[in-house]
Enquirer: 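Let me give you the structure first, and then I'll get to my questions.
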Amino acid sequence: MNVRRRLTLFAVTIAAAPLVIGGCTAERKAAGESAPPPAVELTPADRARDVPISAEVGTSVTNGKISSVRLTDDKGRQLGGEPRNDGSSWVPSGPLVNGRTYTAEVTATGDGGRTSTRKTTFTTASKPTKPAITSTLYFAGNQTYGTAMPVTVAFEPAVPKEARAAVQKRLFVKTDPPQPGTWSWLEDGSQVYYRAPDFWRPGTAISVRAALEGLPIGKERMGDADRKATSKIGRQVAVDIDNATKQMSVFRDGKLVRRIPVSLGKPSTPSSSGKMVIMEKHERTTFDTRGEPDGGYVVDVDDAQRLTWGGEFIHSAPWSEGDQGYTNVSHGCANVSATAADWLMENTQVGDLVTVKGTEVPLQAGNGWTAWNVGWDEFAKGSALPVPAGLRPSPHAAQHPGAVAGGSSPAPAPSASGG
């Protein structure tokens with residue numbers, strides 16, 4: 001082959017190459033155009049009536065993903081909302097209104113860029129006549145809580161077992177930075193707690209919504225309200241009380257900062273052993289035990305911090321200062337000196353963990369916010385919904401917030417007893 005022929009063949013090869021490349025592009029474009037449009041199914045069904053005001057816009061999509069949701073009422077006003085993490089529904093930002101008509105317009109986009117839009121129009125039920133289950137959210141807004149603070153919702157009367165999954169689905173918690181957890185029910189359904197596998201990290205923002213208004217709960221009851229709150233987690237503080245030594249150890253950011261002599265419950269009214277959480281703080285309150293076993297007294301106390309519904313507090317007890325560190329003489333409370341009680345009030349937060357050990361009786365589930373009184377596996381068993389398998393405590397997590405720095409029936413009416 002001479003030089004001219006070789007150059008001619010080379011030129012033909014180069015000229016043919018763009019034709020091959022162009023052919024592949026055309027094939028891909030044709031395949032994209034032939035992709036089926038996404039198929040969208042919605043709930044409530046079109047023209048549905050008597051829909052609960054707790055309704056969500058249920059979405060099911062084939063060959064695509066939801067790209068927009070627009071929900072408007074019969075006056076043309078648009079409602080805010082957001083999708084669930086699993087994409088199963090779109091949740092309005094507030095309860096709907098009884099006896100109103102709503103239209104949901106949902107658009108899905110497929111892999112090939114094709115879109116499909118579906119609409120459903122439904123009417124909510126009239127104001128219900130069924131009695132409500134009263135719910136109480138023990139998580140206020142604009143507060144700073146301790147690292148053991150569980151989100152607690154209490155119910156009166158208790159939620160029956162068959163209705164707990166539906167209720168739990170309407171309890172939302174967001175954390176920033178993310179620190180996912182789960183809900184766990186008391187056996188009797190009177191309280192449900194939310195916590196993560198490890199203690200909250202200081203600085204975490206927690207937003208809670210108990211979206212229960214109008215929710216059917218079992219066959220006979222309805223949810224009562226839609227409540228929201230956002231607060232943050234503060235510095236790390238933990239309190240350990242050892243009955244053997246009659247000493248309280250206070251930790252801040254993993255470091256022991258103070259030891260305080262205590263007098264706990266005498267044998268006839270022993271203090272509870274277990275992991276408790278500071279529930280409320282009072283500069284001054286009154287203990288009234290008239291009508292209670294081994295009670296019958298009324299006394300004003302200073303610097304009182306509640307640990308249980310049953311009336312166990314840490315509080316100032318100048319009358320027992322001679323016994324503190326030596327003998328248990330209280331009616332179940334942790335007595336400390338007036339000076340120590342004042343210092344504790346300044347250095348603790350609602351949501352700080354208080355661990356008591358070595359007393360005659362164990363802490364009973366539900367007697368206070370007892371979410372930390374069991375291990376993670378036991379806690380997760382109390383969820384009415386599946387718990388992600390990967391949600392586990394960190395292998396390096398602290399046993400309590402003070403161990404290392406950076407570690408991360410209805411509820412009874414609070415008793416005023418103490419001592």
Enquirer: Does the side chain to side chain donor-acceptor pair (under 3.5 Å) test come out yes or no for Thr123 and Thr101, once each step is laid out?
Expert: CA-CA 4 Å; Thr123 302; Thr101 298; 3.0 Å; yes
Enquirer: Decide yes or no for Asn98 and Ser126: does some side-chain heavy atom of the first lie under 4.5 Å from some side-chain heavy atom of the second?
Expert: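 No, every pair of side-chain atoms sits at 4.5 Å or beyond.
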Enquirer: Does the Ser383 side chain pair with the main chain of Pro386, one donor and one acceptor, at a distance under 3.5 Å?
Expert: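 Not at all, since once roles are kept as given, no pair shorter than 3.5 Å links the two residues.
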Enquirer: Around atom CD of Gln78, are there more than 12 heavy atoms from other residues, nucleotides or ligands closer than 6.0 Å?
Expert: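 Yes, enclosed.
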Enquirer: What residues form a side chain to side chain donor-acceptor pair (under 3.5 Å) with Thr230, not counting sequence neighbours?
Expert: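 Partners of Thr230 under the side chain to side chain donor-acceptor pair (under 3.5 Å) test: Ser207.
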Enquirer: Report yes if some heavy atom in the side chain of Met149 is under 4.5 Å from a heavy atom in the side chain of Trp369; otherwise report no.
Expert: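 Side chain of Met149 against side chain of Trp369, heavy atoms only: contact under 4.5 Å found.
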Enquirer: For the residue pair Thr204 / Thr175, report whether a side-chain donor-acceptor contact shorter than 3.5 Å exists.
Expert: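 Short answer, no.
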Enquirer: Spell out, as yes or no, whether a donor-acceptor pair under 3.5 Å connects the side chain of Ser330 to the backbone of Leu264.
Expert: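 Present.
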Enquirer: Are Ser337 and Gln324 close enough, and set up right, to give a side chain to side chain donor-acceptor pair (under 3.5 Å), and what steps lead you there?
Expert: CA-CA 8 Å; Ser337 70; Gln324 292 164 20; 4.8 Å; no
Enquirer: Return the minimal non-hydrogen interatomic distance between Ser231 and Ala140, and the atom names on each side.
Expert: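 Nearest heavy atoms, Ser231 then Ala140: OG-O, 2.7 Å.
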Enquirer: Can you tell me if Lys130 has over 12 outside heavy atoms packed within less than 6.0 Å of its NZ?
Expert: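 Yes, NZ of Lys130 has more than 12 neighbouring heavy atoms, counting only those of other groups under 6.0 Å.
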Enquirer: Which heavy atom in Val237 sits nearest to a heavy atom in Asn347, and how many Å separate them?
Expert: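 Looking at all heavy atoms of both residues, the shortest contact is CG2-O, 3.6 Å.
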Enquirer: With distance as the sole test, does Thr269 use its side chain to make a donor-acceptor pair with the main-chain N or O of Gly265 at under 3.5 Å?
Expert: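 Not at all, since once roles are kept as given, no pair shorter than 3.5 Å links the two residues.
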Enquirer: Less than 3.5 Å apart, which donor and acceptor atoms pair up between the side chains of residues 38-54 and the rest of the protein, not counting sequence neighbours?
Expert:
| residue | atom | partner | partner atom | Å |
| --- | --- | --- | --- | --- |
| Thr43 | OG1 | Gly58 | N | 3.4 |
| Asp46 | OD1 | Thr121 | N | 2.8 |

Enquirer: Counting C-beta onward and ignoring hydrogens, is there a side-chain heavy-atom pair between Leu391 and Pro180 closer than 4.5 Å?
Expert: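 Contact flag for Leu391/Pro180 side chains = yes.
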Enquirer: Would a distance-only check, ignoring hydrogens and angles, find a side-chain to backbone donor-acceptor pair under 3.5 Å from Asn63 to Pro36?
Expert: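 Judged by distance alone, no pair lies under 3.5 Å.
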Enquirer: Would you confirm whether the ring centroid of Trp90 sits within less than 6.0 angstrom of the ring centroid of Tyr102?
Expert: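 Not close enough - the centres of the two rings lie 6.0 Å or further apart.
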Enquirer: Starting at CG of Asp73, measure out to OG1 of Thr103 and round the result to the nearest 0.5 Å.
Expert: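 Answer for the CG-OG1 pair, Asp73 versus Thr103, is 9.0 Å.
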Enquirer: Determine whether Lys161 and Glu187 satisfy the following criterion, salt bridge (Lys or Arg N to Asp or Glu O under 4.0 Å), listing intermediate values before the conclusion.
Expert: CA-CA 9 Å; Lys161 184 169 290 187; Glu187 183 64 29; 3.5 Å; yes
Enquirer: So for atom CG, which belongs to Asn85, do other residues, nucleotides or ligands contribute more than 12 heavy atoms lying within a distance under 6.0 Å?
Expert: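 No, CG of Asn85 has 12 or fewer neighbouring heavy atoms, counting only those of other groups under 6.0 Å.
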Enquirer: Would you name the heavy atoms of Asn335 and Ser320 that are closest together and state the gap between them?
Expert: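 Here Asn335 and Ser320 meet closest at OD1-OG, 3.1 Å.
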Enquirer: Any side-chain to backbone donor/acceptor pair from Asp352 onto Gln349? Under 3.5 Å, distance only.
Expert: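 Indeed, once roles are kept as given, a pair shorter than 3.5 Å links the two residues.
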Enquirer: Determine whether Asp377 and Arg392 satisfy the following criterion, salt bridge (Lys or Arg N to Asp or Glu O under 4.0 Å), listing intermediate values before the conclusion.
Expert: CA-CA 8 Å; Asp377 289 342; Arg392 303 286 303 170; 2.4 Å; yes
Enquirer: Tell me, do Met248 and Asp240 make a side-chain contact under 4.5 Å, heavy atoms counted?
Expert: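 No. Closest side-chain heavy atoms not under 4.5 Å.
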Enquirer: Begin with the C-alpha distance, continue with both residues' side-chain angles, and end with the deciding distance and a verdict on salt bridge (Lys or Arg N to Asp or Glu O under 4.0 Å) for Glu105 and Lys119.
Expert: CA-CA 4 Å; Glu105 182 176 301; Lys119 288 185 179 182; 3.4 Å; yes
Enquirer: Is it the case that Asp303 and Ser316 place a side-chain donor and acceptor less than 3.5 Å from each other?
Expert: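 Side-chain D/A pair, Asp303 to Ser316: absent.
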Enquirer: For Gln179 versus Phe199, what's the shortest heavy-atom pair and its separation?
Expert: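 Smallest interatomic distance, heavy atoms only, reads NE2-O, 3.0 Å.
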Enquirer: Do you know which two heavy atoms are closest between Phe379 and Ala371, and how far apart they sit?
Expert: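 That would be CD1-O, 3.6 Å.
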Enquirer: In terms of side-chain heavy atoms, does Lys281 have a donor or acceptor partner in Thr348 at a distance below 3.5 Å?
Expert: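 Present: a donor and an acceptor within the cut-off.
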Enquirer: Could you tell me whether the side chain of Val277 reaches within less than 4.5 Å of the side chain of Trp372, counting heavy atoms only?
Expert: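 In contact.
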Enquirer: Should Asp253 and Arg235 count as an ion pair when the cut-off is N to O under 4.0 Å?
Expert: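 Not counted as a salt bridge, because no side-chain N and carboxylate O are separated by less than 4.0 Å.
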Enquirer: Which atom pair, heavy atoms only, marks the closest approach of Ser271 to Cys333?
Expert: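 Shortest heavy-atom contact: OG-O, 3.8 Å.
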Enquirer: Test of understanding: with side-chain contact (heavy atoms from CB on, under 4.5 Å), list the residues that count as partners of Lys169, not counting sequence neighbours.
Expert: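 With sequence neighbours excluded, Lys169 shows a side-chain contact (heavy atoms from CB on, under 4.5 Å) to Arg84, Leu385, given in chain and number order.
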Enquirer: Mind checking whether His315 and Phe287 have ring centres under 6.0 Å apart?
Expert: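 Distance test on ring centres: under 6.0 Å, yes.
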Enquirer: Evaluate side chain to side chain contact (heavy atoms under 4.5 Å, CB included) for Val61 paired with Ile66, printing each intermediate quantity in order.
Expert: CA-CA 7 Å; Val61 182; Ile66 298 298; 3.3 Å; yes
Enquirer: Do the ring planes of Tyr145 and Phe139 sit parallel (below 30°), tilted (30 to 60°) or perpendicular (above 60°)?
Expert: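 Tilted, since the angle between the ring planes falls between 30° and 60°.
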Enquirer: If you count the non-hydrogen atoms of other residues, nucleotides and ligands that lie under 6.0 Å from CD in Glu162, is the total more than 12?
Expert: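 Enclosed.
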Enquirer: Can we say Glu82 and Lys174 salt-bridge, meaning some charged N sits less than 4.0 Å from an Asp/Glu carboxylate O?
Expert: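 Between Lys174 and Glu82 there is a salt bridge, with a charged N closer than 4.0 Å to a carboxylate O.
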Enquirer: Find out whether Phe313 and Ile278 are in side-chain contact, i.e. whether some heavy atom of one side chain is under 4.5 Å from a heavy atom of the other.
Expert: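 In short, these two side chains do not touch, never coming nearer than 4.5 Å.
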Enquirer: Quiz question: by atom type and distance under 3.5 Å, do the side chains of Ser272 and Glu312 form a donor-acceptor pair?
Expert: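 The answer is yes; a qualifying pair exists.
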Enquirer: With heavy-atom distances below 4.5 Å as the criterion, would you say the side chains of Leu96 and Leu71 are in contact?
Expert: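 Side-chain contact under 4.5 Å: yes.
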Enquirer: Side chain to side chain donor-acceptor pair (under 3.5 Å) between Trp185 and Gln168: does it pass, once the steps are laid out?
Expert: CA-CA 9 Å; Trp185 292 83; Gln168 188 173 325; 3.0 Å; yes
Enquirer: Working to the nearest 0.5 angstrom, can you tell me the gap between Arg227 CZ and Ser135 OG?
Expert: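 Arg227 CZ to Ser135 OG: 4.0 Å, rounded to 0.5 Å.
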Enquirer: Quick one: does Lys357's side chain get under 4.5 Å of Thr359's, heavy atoms only?
Expert: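 When only atoms from C-beta onward are counted, Thr359 and Lys357 do not touch, as no gap falls below 4.5 Å.
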Enquirer: To the nearest 0.5 angstrom, please state how far the CZ atom of Arg100 sits from the CG atom of Asp74.
Expert: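 The distance works out to 4.5 Å.
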Enquirer: Stepwise, does the salt bridge (Lys or Arg N to Asp or Glu O under 4.0 Å) test hold for Arg170 with Glu56?
Expert: CA-CA 10 Å; Arg170 296 290 293 173; Glu56 305 173 14; 2.9 Å; yes
Enquirer: Spell out, as yes or no, whether a donor-acceptor pair under 3.5 Å connects the side chain of Thr109 to the backbone of Thr115.
Expert: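 The answer is no, because no donor-acceptor pair under 3.5 Å joins these two groups.
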Enquirer: Check Val159, Asp224, Leu212 against Ile217 for a side-chain contact (heavy atoms from CB on, under 4.5 Å) and give me the one that passes.
Expert: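 Answer after filtering Val159, Asp224, Leu212: Val159.
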Enquirer: Is there a donor-acceptor contact under 3.5 Å from the side chain of Trp200 to the main chain of Ala148?
Expert: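 Judged by distance alone, no pair lies under 3.5 Å.
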Enquirer: At what distance, to the nearest 0.5 angstrom, does CD1 of Ile133 lie from CD of Glu220?
Expert: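 So the CD1 of Ile133 and the CD of Glu220 are separated by 10.5 Å.
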Enquirer: Spell out, as yes or no, whether a donor-acceptor pair under 3.5 Å connects the side chain of Asp198 to the backbone of Ser394.
Expert: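 Side chain of Asp198 to backbone of Ser394: a pair is present.
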Enquirer: So does Pro270 get a backbone contact from the side chain of Glu360, meaning a donor-acceptor N/O pair under 3.5 Å?
Expert: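 A pair under 3.5 Å: no.
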Enquirer: Mark yes or no for whether Thr152, through its side chain, and Tyr193, through its backbone, hold a donor-acceptor pair below 3.5 Å.
Expert: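 Such a contact is absent between Thr152 side chain and Tyr193 backbone.
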